[in-house]
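In what follows, a structure is listed as structure tokens, so that the remarks can point back to it.
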Amino acid sequence: QVQLVESGGGLVQAGGSLRLSCAASGRTFSSYVMGWFRQAPGKEREFVALISRSGSNTIYADSVKGRFTISRDNAKNTVYLQMNSLKPEDAAVYYCAAAEGFFTDAQWYQVWGQGTQVTVSS
């Protein structure tokens, strides 16, 4: 199965931007729907965004719509999450994940990265 590694997290002031990357090591990256999820300490893991296999369709959580953009480059086996206008409530560990279908529920994602920390100061 595909292996995923996130990068790009860090500390940013409210209103700032970060770009997260998720690199896949498998040979069938384009076969997967890719999603971004996040989890803050003591909170439930929540859906952030997903992108279809071809990249033609995307879905965003209402909380990030208009601020975050998910994209993918199948030739580079990489999915991205551009995060703009960051808010303190965006602070969390961000995970990328791969699914075999078009799902927003985390339980349907078969492979997960290790996560990257995003901290937003007020």
* Count the heavy atoms of every other residue, nucleotide or ligand shown that sit under 6.0 Å from CD of E44, and state whether that count exceeds 12. => no
* If you draw a 6.0 Å radius around CD in Q3, do more than 12 non-hydrogen atoms from other residues or ligands fall strictly inside? ->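 No, not enclosed.
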* Asked: Who else is in the cluster with V5 when I, L, V, M, F, W and Y are joined by side-chain contacts under 4.5 Å?
  -> none
Could you tell me whether a side-chain N or O of [X] sits under 3.5 Å from a main-chain N or O of [Y], the two making a donor and an acceptor?
{"X": "Q114", "Y": "E6", "value": "yes"}
{"X": "R72", "Y": "F29", "value": "yes"}
{"X": "Y80", "Y": "T69", "value": "no"}
{"X": "S56", "Y": "S54", "value": "no"}
{"X": "N74", "Y": "R53", "value": "yes"}

Rounded to the nearest 0.5 Å, how far apart are [atom1] of [X] and [atom2] of [Y]?
{"X": "W36", "Y": "F47", "atom1": "CH2", "atom2": "CZ", "answer": "12.5 Å"}
{"X": "I51", "Y": "C96", "atom1": "CD1", "atom2": "SG", "answer": "12.5 Å"}
{"X": "D90", "Y": "T119", "atom1": "CG", "atom2": "OG1", "answer": "11.5 Å"}
{"X": "S25", "Y": "L4", "atom1": "OG", "atom2": "CG", "answer": "7.5 Å"}

Same cluster or not: [X] versus [Y], using hydrophobic residues (I, L, V, M, F, W, Y) connected whenever any side-chain heavy atoms lie under 4.5 Å apart?
{"X": "W108", "Y": "F37", "result": "yes"}
{"X": "Y60", "Y": "V79", "result": "yes"}
{"X": "V33", "Y": "V48", "result": "no"}

* To do: Specify whether F68 and Y94 have parallel, tilted or perpendicular ring planes, treating 30° as the upper limit for parallel and 60° as the lower limit for perpendicular.
  =>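 The arrangement is tilted - the two ring planes meet at 30° to 60°.
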Throw together a table of side-chain donor-acceptor distances under 3.5 angstrom for residues 11-24, partners on residues two or more places apart or in other chains.
residue: Q13; atom: NE2; partner: S121; partner atom: OG; Å: 3.0
residue: S17; atom: OG; partner: N84; partner atom: OD1; Å: 2.9

* Can you check side-chain contact (heavy atoms from CB on, under 4.5 Å) on M34 and L50, steps first, answer last? -> CA-CA 6 Å; M34 297 298 299; L50 68 75; over 6 Å; no
* Asked: Are any of the side-chain heavy atoms of V118 and M83 separated by less than 4.5 Å?
  -> yes
* Just wondering, do E46 and R38 contact through their side chains at under 4.5 Å, heavy atoms? -> yes
* Please name the pair of heavy atoms, one in V111 and one in V2, separated by the smallest distance, quoted to 0.1 Å. => CG1-O, 3.0 Å
* Any Lys/Arg nitrogen of K65 or D62 sitting under 4.0 Å from an Asp/Glu carboxylate oxygen of the other? -> yes
* Asked: Do Y109 and Y95 have ring centroids that are under 6.0 Å from one another?
  ->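 No - the distance between ring centres of Y95 and Y109 does not fall below the 6.0 Å cut-off.
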